[in-house]
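Comments concern the structure below.
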Amino acid sequence: MSLPPVQSSLNVEFFRRGPAEVARGLLGCGVAHRVDGRWLGGWIVETEAYLAQDDPASHSSRGLTAGNASMFGAPGTLYVYPIHAKHCMNLVTEDSGIGSAVLIRAIEPVWGMEQMQQNRGTTNHRRITSGPGMICHAMQIQRDCDGVEVLRSNDWRLTLGRDLRARIITSPRVGIRHAAELPLRFFVDGNRYVSGLAGLHNRPRRDEIGPANAHGTAHL
DNA sequence: TTGCTGATACACT
DNA sequence: GTGTATCAGCAAA
């Protein structure tokens, strides 16, 4: 498979909903980025929602700045931010000026496998896109992608995928310091490409959350 | 035992 | 306010 399907593309109404709803809806959807005429991407298997208000973990909680301006853009806008010399990608939800978004944490790599393996420097499929930093590395998403409206760009493709609602697990978000208890992480049950508890800063106590999918609430 | 990852932390402008 | 590197813990070997 060299090209993502073009039928059933996501539209702006899909992203005009709340971030938690969009985060769950994105699971199973396809995302692809065209670089030098080559499509890179796969199926989304893990997401996290970041709210506009009452969410200290969200970048928008500090208000609009030059660095997070894209997070206040139109629904479907790409918000790419740097962290630990890497990047993470988010998709803006609700509406312009709101400041909510969905972080793409893991995808199942499908398109442009050879190029993504080369970018990542590994042929281990589970080490290509099983983390937000890895996704950006593999799909060549950098700061210059920040602010791109993916629904209008010819170099981006977002498509509907399988209906996975019955297989979606909800759990606390990973690797955040603030509001770590909110169940705003969503992932596909049993998918091998879902990231581990990679968050390292002040991770939630084990006795609180247990193994990633043992304490999760299916179909919240 | 080693390598890799990451909604943080801090120095600089 | 902005840009960018740390280091503790997980996964692989």
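All chains are named by letter (A, B, ...) in the order of the sequence lines, taking the proteins before the strands, and each is independently numbered beginning at 1.
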- Query: What are the two closest heavy atoms between A:C88 and A:L103, and how far apart are they?
  - Reply: CB-CD1, 3.8 Å

- Task: Compare all side-chain heavy atoms of A:V148 with those of A:T77 and state whether any distance is below 4.5 angstrom.
- Result: no

- Does some side-chain heavy atom of A:W43 sit less than 4.5 Å from a side-chain heavy atom of A:I107? no

Would you tell me if any nitrogen or oxygen in the side chain of [X] comes within less than 4.0 Å of OP1 or OP2 on [N]?
| X | N | value |
| --- | --- | --- |
| A:R105 | B:dG6 | no |
| A:T65 | C:dT2 | yes |
| A:R177 | B:dA9 | yes |

Spacing of [X] atom [atom1] relative to [N] atom [atom2], expressed in whole Å:
| X | N | atom1 | atom2 | answer |
| --- | --- | --- | --- | --- |
| A:L91 | B:dA7 | CG | C1' | 15 Å |
| A:R185 | B:dG6 | CZ | P | 12 Å |
| A:K86 | C:dT4 | NZ | P | 14 Å |
| A:I128 | B:dC4 | CD1 | P | 15 Å |
| A:H87 | C:dG3 | NE2 | C1' | 10 Å |
| A:M89 | B:dG6 | CE | P | 14 Å |
| A:R127 | C:dA13 | CZ | C1' | 11 Å |
| A:M134 | C:dA11 | CE | C1' | 10 Å |

- Task: With a 3.5 angstrom cut-off on both distances, give the Watson-Crick or G-U wobble partner of B:dA7, or none if there isn't one.
- Result: none

- Item | Pairing partner of B:dT2 (Watson-Crick or G-U wobble, both distances under 3.5 Å) | C:dA11

- Query: Between A:D55 and A:R173, is the closest basic N to carboxylate O distance under 4.0 Å?
  - Reply: yes

- Note on the structure: Heavy-atom nearest nucleotide on DNA chain C taken for A:N124 and for A:P82; more 5' hit belongs to A:P82

- Message: For C:dT4, is there a stacking contact with A:H84, counting only centres under 5.5 Å and planes under 30°?
- Response: no

- Message: Tell me whether A:Y81 and B:dA7 count as stacked here, given that the ring centres must be under 5.5 Å apart and the planes must differ by less than 30 degrees.
- Response: yes

- Query: Choosing from B:dA7, B:dT5, C:dA12, which nucleotide comes nearest the side chain of A:R120?
  - Reply: B:dT5

- Message: Checking contacts here: which listed nucleotide (B:dA7, C:dT2, C:dA5) is nearest the side-chain heavy atoms of A:I176?
- Response: B:dA7

- Message: With rounding to the closest Å, how many angstrom separate the C1' atoms on C:dA11 and B:dA7?
- Response: 22 Å

- Item | Centroid-centroid under 6.0 Å between A:H59 and A:Y81 rings | yes

